[in-house]
Engineer: 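Please see the structure below; I have some questions.
Both counts, for ligands and for their atoms, begin at 1 and track the order of listing. These figures come from a predicted structure and were not determined experimentally.
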Amino acid sequence: MECSLVSQYFLSPADRWMVSHKFLVSPDGGSCSESLSSVELWAETATLSYKMDYEPSFLRTLFSLILVSSLLDCVLSEVDAFPDTKTWFENLLPSTMCIQNASIESVYGIMFDAGSTGTRIHIYSFTQKYPDQLPELRKEIFESVKPGLSAYADIPEQGAETIRGLLEVAKDAVPSSHWKKTPVVLKATAGLRLLPEKKAQALLSEVKNVLEESPFLVPDNSVSIMNGTYEGILAWITVNFLTGQLYSQSKQTVGILDLGGASTQITFLPQSEETLEQSPLDFITSFKMFHTTYKLYTHSYLGLGLKAARLATLGAVETGAVDKQIFRSSCLPKNLEAVWEFGGVSYRYGGIENGESGFKSCYAEVLRIVAGKLHQVDEIKGSTFYAFSYYYDRAADTNLIDYGKGGILEVRDFERKAIEVCDHMEGFTSSSPFLCMDLSYITALLKEGFGFKINTPLQLTKKVNNVETSWSLGATFLMLQSLRISN
Ligand SMILES: O=c1[nH]cnc2c1ncn2[C@@H]1O[C@H](COP(=O)(O)OP(=O)(O)O)[C@@H](O)[C@H]1O
Ligand SMILES: [Ca+2]
C-alpha cells in the first residue's frame, strides 16, 4: 500500500500567517507506517519560520494549526508589529477560521470632516467584543489639508482631488484585507452650509465619485452636509466617550463648546427640569446609543464661527468682497492693510488710521455680532465645559495654555488676554493681525452670548489619550452602529 504526500495551506485570520501542513495519507484510510509529517508557520515578513513534528492525526493537527495561527494573529494585531502585505495565496481559504475571531478582530472606520477651514481624515481602528456594546478604540490616524472644500466652490473637481490625496493615507493605515468592509463617509459642516445649494451639491457629487473609486465600503448617503444639531451631539459623544463618561452609569457627563470657522456649537446634558422646559423645542434632542437614551441641549449657531465673526465685524458679510473696498475695524493694528482669504474669497482689510483702536472700541464692535442672538441657560453658569477647536487654538497662540497639554482656564482669562493684546496691538504684529479681534470675540461670545460667568472654568482640550476631540469619532460610532459593522 502506498502512502501519498498531501500539503494543505491555511491562511490565518488577518492574513498575517500562512500555515503549511504536510502529511501522508493512505488511499484506504489506513495509517501510514512512515512518519513524514510537518507543520510550518510563516510570518508574511518571513522573519519567523519553524517546523515541528507531530503524530499524523489530521483533526488534532488542524485544530492546533487554527489555534496557533489565531493566537499569533491576535497577539500581533495588538502590537502591530507586522505591516500588511499581499500574498499569492490571499483569499485561498476563508479568513474566518480564527476561533477568537468573534471576540477581538479589528474593525476600521474612516470619517472625513469637511470643515469650513480645512478637510480632515480620521481613521479609527476598534476592537469590539460584543456586537451591541461600545467598541473599544485602539487608535486614530489623523491627517488634514487646507483650505476646506468650500474654497473650491467654482472648481469642484479640484476640491475632490484633496479627498483623493487623503484617501491614500487610509490605504496605508487600513490592512488591505479590511478595505472592502471598512466604511468611508464624508460630512461637511458650516462652510458648505453657507454655499449656494447648487455649488455645494456639485462639490458633494465630485467627492462621492472619488469615494466610489476607492477600495473602501461606501454606504448610502456617504457624502452629505451634516445638520448642526448632529455636529454638537456627535462632539459631545466623542468627548464623553474619551473621558470615560459613557462607560459609567453615573451620567456625570461633561458639556462641550466647539468654535469652528463658520459655526459654533454648545451641547450638554441638562440636570435641571427648567432647562428642558424653558428651552426652544429644537434645542433639545433625544437619541439612543448603546442601550441608553440621552436628552441633550444642543444648538449650532451658523455664522457665529470665529472666521464668520471676523467677516461680520468687518461688515463684509452682506457686501461680499468688492475689489477696491477695504474693510476696517478698531480691532486691527492702525497702520495695517492686508488681504485675507476665507471660503475662496479675498477680502482687503485694515485698521482705522488716525481713528480708534484698542480693547474698549473693539469689544463694542464684536458685541454687536452676538448681542441678542443666542439662547441663554441659567444652568450652565455653574458647570465646567470642555472647549476645543478655535477656543483651544487662540488660547495656545497666546500662551494661556500649553499647546501640547491644554489646561483649565476661566472665561475672564480670555478677557484679560484680549485687553493685553488689543491695548498693545503694535507689539503683536508678528502673530495674526486678527488676534485682538478673535480674543475679544471669544470673550463676548462666552460672556454675553452664552451668558457664562467670568469665573466659569473651561477645560481646554485638543486630544484625550492621543485622540482628537472632534465630532468625527462620535459620527464613526453611529456609522458603525447603523451599519452593524462588527466582526
Ligand atoms: O480633528 C480636529 N482636531 C483638532 N482640531 C480640529 C479638528 N477638526 C477641526 N479642528 C479645529 O476646528 C477649527 C476650524 O473649524 P472648522 O474648519 O471645522 O469650521 P466649521 O466647524 O465651522 O466648519 C480649528 O480651530 C481647527 O483646529
Ligand atoms: Ca468643525
Engineer: Strictly by modelled atom types, are T469 and Y392 linked by a side-chain donor-acceptor pair under 3.5 Å?
Structural biologist: no
Engineer: So which residues, sorted by chain and number, lie with a heavy atom under 4.0 Å of ligand 1?
Structural biologist: D113, G115, S116, T117, G118, R120, H122, F142, T189, A190, E231, G260, G261, A262, S263, S389, Y390, D393, K462, E468, S470
Engineer: Is the backbone of V218 close enough, under 3.5 Å, to the side chain of S222 for a donor and an acceptor to pair up by distance?
Structural biologist: no
Engineer: Could you tell me whether E161 atom CD has more than 12 heavy atoms of other residues or ligands within 6.0 Å of it?
Structural biologist: yes
Engineer: If you draw a 6.0 Å radius around CG in N465, do more than 12 non-hydrogen atoms from other residues or ligands fall strictly inside?
Structural biologist: no
Engineer: Around atom CD of E356, are there more than 12 heavy atoms of other residues, nucleotides or ligands at under 6.0 Å?
Structural biologist: no
Engineer: Is R310 positioned over the aromatic face of F434, cation under 6.0 angstrom from the ring centre and no more than 45 degrees off axis?
Structural biologist: yes
